Amino acid sequence: MTVPEPGTTAVPPPGCPAHAAGGGIPPAAAHDGVPPTAAHGGTLPGGLPVGVPLTPLYGSAVADDPHGLYARLRAQYGPVAPIELEPGVESWLVLGYPELLELTRNEALFSKDSRRWRVPAEGRLAADSRLQPMTSWRPTLLNLDGAEHQRLRSAVADTLARVDHRQLRETTEAAADALIDSWGPDGTADLVAQYARRLPLLVFTQLLGLPDEAGAHLIRLISHIADSGTESVRANQEFQALLVDLVRQRRTTPGADLTSWLLAHPAALTDEEAVHHLVVLMIAGNETTICWTGNTLRLLLTDRRFRATLTGGRLTVADALEEVLWRDPPTQNFPGRWATSDTVLGGQFIARGDMLVLGLAAANADPAAQGPGAHGHASIGHASIGGNRAHLAWGAGKHVCPAQHPARIIVETAVETLLHRLPDLQLAVPPHELAWRPSPWSRALISLPVLYSAFTPPRPPAPERPSAWTPPQVPQTPQTSGASGTSGTSGTALGTEDPSPSSSTPSDATSTGRTPGSGEPARRSWWNSLAGWWSGR
């Protein structure tokens, strides 16, 4: 990448396809019936002349065949392509693996501060734009650079580190069992609506200290925000109001939950900062977990090779999850970075104030990331990438996602539990009838209908074990000290050793004490009643 000398004006590189007269994707390359549109005005901020069509990163084009869309953009423009986020709002989509690494690692040239964006500064972003919830500046780790970002990131990372991984796995498995038990005897279910979308909220409401009855409402609000749809602005306001009340309650009455731990962190977050970071945890963590679970289950039901290698023991569940992050990451695109000065990236002239979108799915499919002989997305999914974590599903650089380990535990447990309980799952519709949500950011199914013949009983509860995080209440005796137990998951659904790195984390590595009995599995009766309420019974 080349950077203009200080005091000089950057000029587009010779032969740059994005700045050639009449360049861009020709009408014949319109995607899925959505023709590219031209921006208004004399010249686009990045130097693109009027008449250069901008490919929309919204609607059916990005929902039905995103991999085909990214391949066409790469063939036309190279690793960085001009796109349109909504009519009249232009941006750059970074498709190249090396270019995305450069973008995320060069904080001085590509800032996370969205206040640098020229579009709202020039009055071209409507107050009710559906992009507002995902691009508006907030005092969070997502929108800051340097020391202030590090202060806030340490608060979030340290708070998440206080979650006991073994207890999280047990809680997730109990919630998953209760949901499956609530489906009834007819042998049909929608694994998105009745499982993937409900399970994380059952877990997250406990983690954050939210009331259990808030879960169903939160699902609707988070979906509107993540889809950048017509209800996104209203949903964002309502969602933040709910969290404002939670923060006020935990200031006066702290508990053993993420909200209380975040407020107590030495970084001394204000109430406003705490609310915004709870928004980040709920939307980024929950939406990612939902999509990752749904995409993994879809692959199991539609890809014979994937299912055979998994059920045959040649691929662990942990490795299978990594393959999904390569092929269909839950966040396919993410906003964004903003250029602090004129520069060149991937052969394209980038003007100061331009927005760059992280094309996470496209970068994973970049032949540069697949090695010699690879041919983009078609090569992803072979056993050779099993366990390979060089993908960019979590981002890169200083802003890499800090919640990936709890998310991995929840998704892995969700998949294992479902395979154990319903080993003969079959897709209830032809694969081509599965529909995706029209989100430029999330890669998420609308539904995943399945058939099954019978339930397998839940695993028996683990034997009681001495608490790993609470001091003994009475002196140990030879009779009590000799007792031993196992974790809440006695093995994977496939009968192999638990492959998750998190399962090897000792419970006593948590940084805070636990209340007596906190290490015991969640009570099955409580989960059953909650799952029944959730299902409308």
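Numbers for residues simply follow the sequence, beginning at 1. Values below: all heavy atoms of this structure, side chains included; hydrogens, waters and symmetry mates excluded. The shown structure was predicted, so the numbers you read here are calculated from the model rather than taken from an experiment.
Every residue meeting the side-chain contact (heavy atoms from CB on, under 4.5 Å) condition with A176, not counting sequence neighbours, appears here in chain and number order: Y195, L199, T417. S260 meets the side-chain contact (heavy atoms from CB on, under 4.5 Å) test with R250, P254, D257; sequence neighbours excluded.
By the 4.5 Å heavy-atom criterion applied to side chains, L281 and L160 are counted as neighbours. No side-chain heavy atom of L207 sits under 4.5 Å from any side-chain heavy atom of T171. The side-chain heavy atoms of T293 and L297, taken from C-beta on, include a pair separated by under 4.5 Å. With contacts defined as side-chain heavy-atom distances shorter than 4.5 Å, the pair V156/V280 does not qualify. Side-chain contact between R443 and T331: absent, with no pair of heavy atoms (C-beta onward) separated by less than 4.5 Å. Residues L358 and L93 are not in side-chain contact: their nearest non-hydrogen atoms beyond the backbone lie 4.5 Å or more apart. Looking at heavy atoms from C-beta onward, Q332 lies out of side-chain contact with L360 at the 4.5 angstrom threshold. When side chains are defined from C-beta on, L301 does not count as touching Q426, because their heavy atoms never get closer than 4.5 Å.
Counting only distance, with no hydrogens or angles, the side chain of H399 and the backbone of L141 share a donor-acceptor pair below 3.5 Å. Distance alone, capped at 3.5 Å, is enough to place a donor-acceptor pair between the R151 side chain and the A267 backbone. The main-chain N or O of T270 is found under 3.5 Å from a side-chain atom of E273 such that the two form a donor-acceptor pair. For N333 (side chain) and W441 (main-chain N/O), no donor-acceptor pair under 3.5 Å exists by modelled atom type. D128 places no side-chain N or O within donor-acceptor distance of the main-chain N or O of V233, the cut-off being under 3.5 Å. Checking side-chain atoms of T413 against main-chain N and O of I410 turns up no donor-acceptor pair under 3.5 Å. Side-chain atoms of S447 do not come within 3.5 Å of backbone N or O of D190 as any donor-acceptor pair. Judged by distance alone, with hydrogens and angles left aside, the side-chain atoms of T140 form no donor-acceptor pair with the main-chain N or O of H277 at under 3.5 Å. With hydrogens and angles ignored, the 3.5 Å screen pairs a side-chain donor or acceptor of R198 with a backbone N or O of A193.
R298 has a carboxylate O that lies under 4.0 Å from a charged side-chain N of D328, or vice versa, which qualifies the two as a salt bridge. We find that E238 and R234 are joined by a salt bridge, their nearest charged nitrogen and carboxylate oxygen being less than 4.0 Å apart. Between K398 and D145, none of the side-chain N atoms (NZ, or NE/NH1/NH2) sits under 4.0 Å from a carboxylate O, so this pair counts as no salt bridge. Using a cutoff of 4.0 Å between basic side-chain nitrogens and carboxylate oxygens, E323 and R327 are scored as salt-bridged.
Listed by first then second residue, pairs satisfying salt bridge (Lys or Arg N to Asp or Glu O under 4.0 Å) with a partner in residues 263-272 read R251-D271, not counting sequence neighbours.
The distance from the CZ atom of F204 to the CG atom of L201 is 8.5 Å, given to the nearest 0.5 Å. Atom OG1 of residue T172 and atom CZ of residue R169 lie 8.5 Å apart, to the nearest 0.5 angstrom. The distance from the CE atom of M134 to the CG atom of L85 is 11.0 Å, given to the nearest 0.5 Å. If you take CG on L310 and OG1 on T316, they are separated by 8.0 Å, rounding to the nearest 0.5 Å. Note: W436 CH2 to S60 OG = 15.0 Å, rounded to the nearest 0.5 Å. L131 CG to S114 OG: the interatomic distance, rounded to the nearest 0.5 Å, is 11.5 Å.
A155 and L269 make their closest contact through CB-CD1, 3.7 Å (heavy atoms, listed as atom of the first residue, atom of the second, distance). Nearest heavy atoms, D181 versus P458: OD2-CG, 4.4 Å. Taking each heavy atom of P431 and T302 in turn, the nearest pair found is CB-CG2, 4.0 Å. When all heavy atoms are compared, the tightest approach of P406 to A403 is CD-O, 3.3 Å. Taking every heavy atom of both residues into account, F334 and K112 meet most closely at CE2-NZ, 3.8 Å.
Among C401, P330, S442, the one residue that satisfies the side-chain contact (heavy atoms from CB on, under 4.5 Å) test with T288 is P330. Screening V192, I446, L427 for a side-chain contact (heavy atoms from CB on, under 4.5 Å) involving L434 leaves a single residue, L427.
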Would W261 and L258 count as a side-chain contact (heavy atoms from CB on, under 4.5 Å) if you check the C-alpha gap in whole Å, the side-chain angles of each, and the deciding distance to 0.1 Å?
CA-CA 5 Å; W261 297 338; L258 291 178; 3.9 Å; yes

Step by step, work out the side-chain hydrogen bond (donor to acceptor under 3.5 Å, both in side chains) result for T253 and Q249.
CA-CA 6 Å; T253 311; Q249 293 170 12; over 6 Å; no

Mind running salt bridge (Lys or Arg N to Asp or Glu O under 4.0 Å) on E416 and R408 for me, showing each step along the way?
CA-CA 12 Å; E416 289 178 348; R408 182 175 280 106; over 6 Å; no

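Side-chain contact of H149 with N143: a donor-acceptor pair under 3.5 Å is absent, judged by distance alone.
Here W292 and W394 bring their ring centres to under 6.0 angstrom of each other.
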